[in-house]
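Notes for the one structure printed next.
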Amino acid sequence: MDKILVLDFGSQTTALIGRRIREMGVYVEIRGGGDPLDGDALDGARGIVLSGSPESVYGAGIAPDGNVYRCGLPLLGICYGLQRMTADLGGAVGALPSREYGGVEVVMRGLESALPHAKPFLDAFGGRFTAWMSHGDTLTRLAPGFIEYGTSASGFPAVLAHEKERWFGVQFHPEVTHTERGANMLAAFVFGVCGCSRTWTMEGYLRDVKDEILRRAGSGHVLLLISGGVDSGVTAALLLEALGPERVHLMYMDTGLMRKNETALVTENLQRLGARHLHIIHCADEFFAALAGLDAPEDKRRTIGDLFITVQEREVARLGLPDSYLLAQGTLYTDLIESGKGVGNSAHLIKSHHNVGSPLVEAKRRAGRLLEPLDKLYKDEARALGRLLRLDEALVGRHPFPGPGLAVRVLGEVTREKCDILREVDAIFIDELRRRRTADGSKPLYDDIWQAFAVLLPVRSVGVAGDARKYGWVAALRAVTSADGMTADVYPLPAKDLIEISTLITNNVDGIGRVTYDVSSKPPATIEWE
């Protein structure tokens, strides 16, 4: 099977490169930027992509195995990947006087004189386009043999091709949706330059991941920590299909930090999947006690992560499972990326995920007792896998929900009272989005939105209740559109809907005095507030 090898130097969008190419029907393997490029890595490879990185080539940036330039395969350097190629091949890289960030226009020149080996790639760019950039360095001297075909609006090199080798570089990110014709550029490299065939499918991925689950589990048991969301729901269906219901144990913790009526919904969904070993743990008192006095987001995440595992280990002991059991989680690749766990271990921490960064989870990972069958997938790919597993659409289509639950949507210290208030606000917001329809009436607003939720802010605002002055909490509503969760735009909720939903919240939720709407995109914000 043809494959494209992606070398991960720590970019937040490395797996997005792989996802874009997988969408084209071509298998992608992601390896660490400095990993050896031996026969196994290169087996079946038709081309290599060098990813971006938060580092500089003249700083802590990792260099690839020198075989990348000797193996004879086409190369595409993206952002840091281009700078890495330049530095390694005799050029020079230096700091920009002013960072190039966001949408930047790129102008192409000299395409009519491009050599035949470069034209299949360069023809995808057109004359000018807007590219998504995120870098503080630039090429100060091209490496020998490279020709500049595209220049940024600031006058810096943006598109390069080698005059003899099938080596190319772009000083922007074609993998993100903000780059015009970015998918065409990647396709031009994959098919026009590398000559790949479309042989990768989600059905094939399902076969492979089931084989891997069977290999890892052997004849033993698997325990899945389940939240009721899409990721753990798909993981549960996958484990049940691969191993059968007798060897799969599903543990759900009612932490007091869940959405309204979550425990009842989780129980119903899992029983519908055929689960026989379902363990519901009521532990809200423990979580609220552990969170008392904490207001820093990372402290809350770490505390929740550690307590999750502490409670899980205690309850597992009660179940009498053998020590050889595997712990399974519905971890997605985006969780690993944001927690600084990119393939090459060079990614920067954006926020901790309780199922990734907890010291106890890390210990299980090091011991080889952690099973994360979705850790190469993005959210929409997990949904596609869920549909392939015949999961109910109401579960597959649910919006993402953070592992730490409402603790990271109650800003500041978390209390039972605040969670109760936020639960009601969020339920009204989501119910209204399900009830109200898009302007053309084709679907509910909920189905047109990637993720929507409410946040309780740590401030009180003056208001009027009847004829009396009253202080109430401020709730913020958030709704975004996204293709993969790595970037997101504000969903343009109509003013009429916002006003009516705000009125419903302030009239029906005691303690809320004011409602706001978050209009920040990602980046620079994240989707969640903490």
Side-chain angles (χ1 to χ4, degrees), residues 202-203 205-206 209-210 213 222-245 248-255 257-281 328-335 353 355 371-375 377-406 409 423 426-427 429-435 443-453 479-485 527-528:
M202 186 57 75
E203 289 81 0
Y205 180 85
L206 175 57
V209 76
K210 284 171 64 176
I213 290 170
V222 176
L223 173 67
L224 170 65
L225 300 181
I226 192 160
S227 69
V230 176
D231 311 336
S232 60
V234 172
T235 304
L238 182 57
L239 292 173
L240 288 165
E241 178 159 316
L243 301 175
V248 177
H249 298 259
L250 305 172
M251 182 174 288
Y252 169 82
M253 299 182 191
D254 187 343
T255 63
L257 306 172
M258 313 307 288
R259 290 169 284 196
K260 188 174 181 179
N261 299 326
E262 188 78 5
T263 300
L265 288 171
V266 167
T267 302
E268 180 183 345
N269 284 329
L270 293 178
Q271 288 175 341
R272 191 181 295 123
L273 287 174
R276 294 180 188 171
H277 302 299
L278 175 57
H279 314 285
I280 306 294
I281 313 299
Q329 299 189 128
T331 310
L332 296 183
Y333 198 88
T334 43
D335 300 336
H353 290 257
N355 58 332
L371 182 63
E372 296 173 305
L374 308 186
D375 65 354
L377 300 183
Y378 277 76
K379 178 70 73 174
D380 59 327
E381 292 178 316
R383 287 195 172 105
L385 183 59
R387 293 185 180 101
L388 198 58
L389 290 163
R390 301 176 300 282
L391 277 176
D392 187 88
E393 186 61 32
L395 173 61
V396 174
R398 272 190 115 181
H399 288 181
F401 187 67
L406 299 183
R409 293 179 178 175
R423 238 186 302 275
D426 190 74
F429 185 33
I430 298 303
D431 287 348
E432 287 300 306
L433 292 178
R434 292 187 185 279
R435 186 178 68 82
K443 56 185 171 181
L445 288 173
Y446 184 88
D447 294 341
D448 203 36
I449 294 170
W450 165 269
Q451 187 175 3
F453 56 92
V480 298
T481 59
S482 178
D484 43 57
I527 295 178
E528 295 284 348

Self-check item: Distance, nearest 0.5 Å, that separates NE2 of H399 from CG of L433
Solution: 7.5 Å
Self-check item: Approximate separation, where rounding is to 0.5 Å, of N269 CG and L395 CG
Solution: 5.0 Å
Quiz item: Do L238 and L374 pass the side chain to side chain contact (heavy atoms under 4.5 Å, CB included) test, and can you show the C-alpha distance, the side-chain angles, and the key distance before you say yes or no?
Solution: CA-CA 10 Å; L238 182 57; L374 308 186; 4.3 Å; yes
Quiz item: How far apart are the closest heavy atoms of V248 and L243, and which atoms are they?
Solution: CG2-CB, 4.0 Å
Quiz prompt | Closest contact, heavy atoms only, V234 versus A382 | solution = CG2-O, 3.5 Å
Quiz item: Which atom names give the shortest non-hydrogen contact between S227 and M258, and what distance separates them?
Solution: O-CE, 3.7 Å
Quiz item: Can you find a heavy atom in the side chain of E381 that is under 4.5 Å from one in the side chain of Y205?
Solution: no
Quiz item: Any sub-3.5 Å donor-acceptor pair from R383's side-chain atoms to R398's backbone N or O?
Solution: yes
Quiz item: What heavy-atom pair brings L389 and A237 nearest, and what distance separates the two atoms?
Solution: CD1-CB, 4.1 Å
Quiz prompt | Atom pair CG (L239) and OG1 (T235), whose distance is rounded to the nearest 0.5 Å | solution = 6.5 Å
Quiz prompt | Validation row: L224, Y252 side chains within 4.5 angstrom (heavy atoms) | solution = no
Practice problem: Report the C-alpha distance between M253 and L225 in whole Å, list the side-chain angles of each, state the deciding distance to 0.1 Å, and finish with yes or no for side chain to side chain contact (heavy atoms under 4.5 Å, CB included). | Solution: CA-CA 8 Å; M253 299 182 191; L225 300 181; 4.3 Å; yes
Exercise. Measure the spacing between CG of L377 and CE of M202 and express it to the nearest 0.5 Å.
Key: 5.5 Å
Practice problem: Please name the pair of heavy atoms, one in Q329 and one in P373, separated by the smallest distance, quoted to 0.1 Å. | Solution: O-CD, 3.8 Å
Self-check item: Distance in Å, L223 CG paired with H277 NE2, rounded so as to fall on 0.5 Å steps
Solution: 11.5 Å
Practice problem: Take L391 and V230, measure what side chain to side chain contact (heavy atoms under 4.5 Å, CB included) needs, and give me the verdict at the end. | Solution: CA-CA 10 Å; L391 277 176; V230 176; over 6 Å; no
Quiz item: Are D431 and K260 close enough, and set up right, to give a side chain to side chain contact (heavy atoms under 4.5 Å, CB included), and what steps lead you there?
Solution: CA-CA 11 Å; D431 287 348; K260 188 174 181 179; over 6 Å; no
Practice problem: Can you see which heavy atom on T481 is nearest to which on D448, and at what distance? | Solution: CG2-O, 4.1 Å
Quiz item: How many angstroms lie between atom CZ of R409 and atom CZ of F453, to the nearest 0.5 angstrom?
Solution: 5.0 Å
Practice problem: Please identify each residue that fulfils salt bridge (Lys or Arg N to Asp or Glu O under 4.0 Å) with R423, with sequence neighbours left out. | Solution: D420
